[in-house]
Amino acid sequence: MRPSWSLILYALLVLLTAQGNNARKIISLGNGKDNNEDLIDLYQGNEHDHDHSTSSSHMHHMDTALNVFFTPKDLKLGKTMPIYFSKNDPSTSPRILPREEAASIPFSISKLPYLLEFFSFTQGSPQAKAIEYTLTQCELEPIKGEVKFCAASIESMLDLVGALFGSSTKFKVLTTSQLKNSTTLLQNYTVLEAPKEILAPKMIGCHTMPYPYAVFYCHSQESENRLYQVLLGGENGERVEAAAVCHFDTSQWDPSHAAFSVLDVQPGSSPVCHFFPADNLVWVPLPA
Ligand SMILES: *[C@@H]1O[C@H](CO)[C@@H](O)[C@H](O)[C@H]1NC(C)=O
Ligand SMILES: *[C@@H]1O[C@H](CO)[C@@H](O)[C@H](O)[C@H]1NC(C)=O
């Protein structure tokens, strides 16, 4: 089964955009300007999403995905807003490898030629670019106040999350789940219940990367964040139990971050909140 590269990259893109890290790169994806044109090819080479094969609809697609940002005042019962949720289709998700199998495959940009041969991808193909992109992202140094790691199996993700929280700490995961089969990517949703705040001193967000098997990119930032679980009802009757976060200190974010233009606010002047895509895992410690 071929993974849907563009869908994965797409969710990733929204998340990276949402996190402030790599903001400039992500914006440039939207503009199609500099060195990230390569990544745009990933979309255009995508076979699952014919509607978005032209560049203008591609741009539209990009803008659509930005419908994940909001401000804390939107988090109230009865509020209606357009939200984009990517579909989380298990049939196109990359395969999850057992730890031993993942550990037997090199995971380093220095092994790129070997990996392309190993997975039988030609150099310059969308898949090759995705692999290079993911390895590069995973090897980037964290930004100030950030902790990050990539995990190539569920087991190593759990180990690393546990190590970050402290070995005696129990933790749980929050996700966004579509309670009915989703048929729409973007639609108006209404907040159906008073949003529940999840009190957590720390959180680690993990998302899948475009790669031939499941690779989780996890990171955590030191600053005031608040997590919420929000029950949303779509215009089409769909229900989504969404995980959301509000970042209260955006002063260190790149001013070109998409959230600022979407919400029309300045860095540091307003909290920025976003919903998590369905393939994201948000780990929080349980109270002792
Ligand atoms: C969702 O769709 C899949 C495939 O179309 C189907 O097998 C499954 O039963 C559906 N689930 C629900 C809750 O409707
Ligand atoms: C959401 O509702 C508003 C107001 O009715 C409408 O203008 C807008 O087009 C709707 N958006 C979507 C994505 O359906």
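Atoms within a ligand are numbered from 1 in the order they appear, just like the ligands themselves.
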For atom 12 (C) of ligand 2, which protein heavy atom lies nearest, and how many Å away is it?
Asn188 ND2, 3.5 Å
Would you say the ring centroid of Tyr217 lies under 6.0 angstrom from that of Phe149?
no
What heavy-atom pair brings Phe275 and Ala244 nearest, and what distance separates the two atoms?
CD2-CB, 3.7 Å
With no hydrogens and no angle check, just 3.5 Å: does a side-chain donor-acceptor pair link Gln252 and Gln221?
no
Any protein heavy atom nearer than 4.0 Å to atom 2 (O) of ligand 2:
yes
Under-4.0 Å heavy-atom contact between protein and atom 9 (O) of ligand 2
no
Ring centroid separation for Tyr228 and Phe276, is it under 6.0 angstrom?
no
Looking at ligand 2, would Glu235 count as a contact under a 4.0 Å heavy-atom criterion?
yes
